[in-house]
Amino acid sequence: MVTANGTAEARKALPVYSARHRLVEVVKTSPCLVLVGETGSGKTTQVPRLLLEAGLAAGGAIACTQPRRIAAVTVAQRVANEMGCKLGSQVGYCVRFDDRTGPDTRIKYMTDGMLLREALLDPLLQRYKVVILDEAHERTVATDVLLGLLKAAAAGRPEGDLRLVVMSATLDTQKLTAYFQGSQAAYIAGRQYPVQVMYTPAPEESYVDAAITTALQIHCEEGPGDVLVFLTGQDEIEACERLLTDRAASLPPDPARLSLCVLPLYAALPPEAQLRVFERAAPGSRRVVLATNIAETSVTVPGVRFVVDSGMVKARAYSPRLGADCLQVVPVSQAQARQRSGRAGREGPGKAFRLYTEAAFAKLAPSTAPEILRTNLSSVVLQLKALGVRDVLGFDFLDPPPAPALVRSLELLLALGALTREGDLAHPIGTSLARLPVDPMFGRVLMASAELGCSEEALAVIAMASTDPVFQFPREKREEAAAAHARFASREGDHLTALAVFQRFVAQPRKQAAAWCREGFLNARSLAKARDIHAQLRGHFQALGLRLASCGDDATPLRQALVMGLFSHAARRQPGGTYRVLATGQDVALHPSSALARAGGARSGVPAVDAVVFGELVRTTRTYARDVTAIDINWLPQLVPNFFARAAAAGG
DNA sequence: GGACAGGGC
């Protein structure tokens, strides 16, 4: 795979080196360098090496963070090659499940989340003399927390002992230089071809129709080059794929025209299908790649000269009203639209077709809000508490999250038992939850399972809840897939269904696992990830001294453990068949993919369940609860008396 | 009656 900043060999030209004296000078003399490096500037490979060669890592190492694992891995490999050393010696990388560093490692490429985890054990990050936050413009939650942490760490260490470099692809340096006192900004040029941007003259009724029409228009009227179409999700892409193929087949024959090859691209696509987008178009053919925002940053599709931008994106956002994360289709930001258009100019001058008017573009948000402003903050707040930050509302964020969102997280952590009434980290629940690499609600389920004697099952359930969805529904084989999935279905809900899938998966001999997944319409990649997470969680679990035990065939303790973590996601059935979330009063429906969604139907022969807990909400045509487990409503006041005391007292 | 944006520990 090609990374976001995957600099083509030809473009490894040396704009960074031409500025090297100035860069090194700034890092030596000021506490923080804010470095704007355009696409193709080579900053990621060259800046850490420059600083190492200038002796700035003396007595320690250089950390260079990336938002994505694949970037950390591939860049480390390339830099090690360029420096003529073995990966893991002087240059290494460290990402989840894969640490390729050694005692001699001086340049360590790592994910931002990994550095944040390291900070929990060493808040001043003493082993590093230089920390580089790369791709800072992406504003991941981990990068945002690290910005505040590094500012504090630099102040807590002797002057000049920790040097910071914040590298960003955008020109908005003022905010960062104002944030890091005494910092200086520098700029290094990259290489990007011009892209001509076109808008529709009038608003489109359907961006899917418009995307198909535009792609065909490009195909019939424009010169050679592949087309990259940005859409919102798997379903939409599959529908588009069929329509586009049909309409291309019914074009009037023209011997001069290239043949058309339509390719889907989204994260859940099987790896072998994903690899097809890296194969250049065959002679005499043109590729049209239908992609989600995976093609904005994570995957660079070669050969693209034309971009079609629907202007929409599916995004996760925290809804304070619903008290949960919510996945929905929303308009892109201007920065995102520019990023999409830029994908047409990687190999030569390109054209971008925006399926909205110029006036509509002007009304879009200038940039996507940093994730930390629109996400569930309970993990962040817990981590800050574990780092010794007592006043989380007063923490020096580059962009402070709304106070009510922070307060809600503090309240949830208090209800989970992770914080004391004074707001300090509670032992052992808070300290343990901070160490477990899962959402605090899930961590609480694990701790409860140790008490209730069902931790073997809970570890599997939480590992499954932490991976991508495993059931696949190919449109042409829906019934076959549904029948295959039905083998795992549990009347008690999706967590137990997931447990059954996981147990059967790990029981397969490794060699047969892939075929078993294929036949069962299961996503092998998701399951492999669940297996890795399971192993990691089990390790943490034992390190924390928690008890491993199995509840066998009696799922009651497991469902009770789920209640003890997910109680804020408890909901009760209403006369109309919807479920009312007890904590917020919101009505939600069970997701059609849920094992419980069919219960209560006239033909199901199974009564609808009275009360549930759910993992998350998804907002499409309605608000749906996903990952749902049936519970006994009486467990709530028994198992979580503090949270449900009022409801119980009121007779609820 | 409807489904699984993308990352990360």
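Convention: sequence-line order gives letters A, B, ...; per-chain numbering from 1. Computed over heavy atoms, backbone and side chain alike; hydrogens, waters and symmetry mates excluded. Because the structure is a prediction, the values reported are computed rather than measured.
- The nearest heavy atom of DNA chain B to K314(A) and to S466(A) marks one nucleotide each, and the one closer to the 5' end goes with K314(A).
- Across dG7(B), dC4(B), dC9(B), the shortest atom-to-atom separation from the side chain of V618(A) is found for dC4(B).
- You'll find the side chain of V289(A) stays beyond 4.5 Å of the side chain of V304(A), heavy atoms only.
- Residue E296(A) is out of contact with every strand shown, counting any heavy-atom pair closer than 4.0 Å.
- Nucleic acid contact class of R139(A) (heavy atoms, under 4.0 Å, all strands): none.
- In this structure, R69(A) does not reach the dG7(B) phosphate: none of its side-chain N or O atoms is under 4.0 Å from OP1 or OP2.
- D468(A) comes within contact range of no nucleotide atom at all, as no heavy-atom separation falls under 4.0 Å.
- Residue pairs meeting the salt bridge (Lys or Arg N to Asp or Glu O under 4.0 Å) criterion with at least one partner in residues 520-532 of chain A, sequence neighbours excluded, do not occur; the list is empty.
- Side-chain atoms of P437(A) lie closest to dC9(B) of the nucleotides dG7(B), dC9(B), dC4(B).
- Taking 4.0 angstrom as the limit, H591(A) places a side-chain polar atom (N or O) nearer than this to OP1 or OP2 of dC4(B).
- Between the CD1 atom of I533(A) and the C1' atom of dG7(B) there is a distance of 13 Å, rounded to whole Å.
- With respect to the salt-bridge test (charged N to carboxylate O, under 4.0 angstrom), the residues E241(A) and R475(A) do not qualify.
- In this structure, T140(A) reaches neither bases nor backbone, as no heavy-atom distance under 4.0 Å exists between it and the strands shown.
- Among the heavy atoms of the strands, none lies under 4.0 Å from V141(A).
- Of the candidate nucleotides dC4(B), dG2(B), dG7(B), dG2(B) has the atom lying nearest to any side-chain atom of R478(A).
- Here the nucleotide nearest the side chain of T292(A), chosen from dG8(B), dG6(B), dC4(B), is dG6(B).
- Put simply, the side chain of C240(A) reaches to within 4.5 Å of the side chain of I212(A), judged on heavy atoms.
- Counting non-hydrogen atoms under 4.0 angstrom, A142(A) reaches nothing in the nucleic acid.
- In this structure, Q66(A) atom CD and dC9(B) atom P are separated by 12 Å, rounded to whole Å.
- Taking atom CD of Q328(A) as the reference point, atom P of dG6(B) lies 17 Å away to the nearest angstrom.
- Residue-to-nucleotide proximity on DNA chain B shows that, of L265(A) and R622(A), the 5′-proximal contact is made by R622(A).
- Between the CG atom of L377(A) and the C1' atom of dC9(B) there is a distance of 16 Å, rounded to whole Å.
- Listed pair T111(A) / dC9(B) meets the phosphate criterion, a side-chain N or O lying under 4.0 Å from OP1 or OP2.
- For the pair R504(A) and F488(A), the NZ or CZ position fails the cation-pi test of under 6.0 Å to the six-membered ring centre and within 45 degrees of the ring normal.
- Separating the CD atom of E238(A) from the P atom of dC4(B) is a distance of 12 Å, rounded to the nearest angstrom.
- The phosphate of dG7(B) (OP1 or OP2) has no side-chain N or O of R96(A) nearer than 4.0 angstrom.
- Of the candidate nucleotides dG6(B), dC4(B), dG2(B), dG2(B) has the atom lying nearest to any side-chain atom of Y624(A).
- Regarding F521(A), its CZ atom lies at a distance of 16 Å from the C1' atom of dA3(B), rounded to whole Å.
- In this structure, the CG atom of L133(A) is 21 Å from the P atom of dG7(B), given to the nearest Å.
- Comparing dG6(B), dC4(B), dG7(B) by their closest approach to the side chain of Y266(A) singles out dG6(B).
- Scanning for ring-ring contact (aromatic ring centres under 6.0 Å, His included) contacts around F502(A) gives H534(A), with sequence neighbours left out.
- Between E118(A) and K108(A) a salt bridge is recorded (basic side-chain N to carboxylate O distance below 4.0 Å).
- For the pair I294(A) CD1 and dG8(B) P, the interatomic distance rounds to 10 Å; values are reported in whole Å.
- For M114(A), whose side chain is taken as the heavy atoms from C-beta onward, the closest listed nucleotide among dG6(B), dC9(B), dC4(B) is dC9(B).
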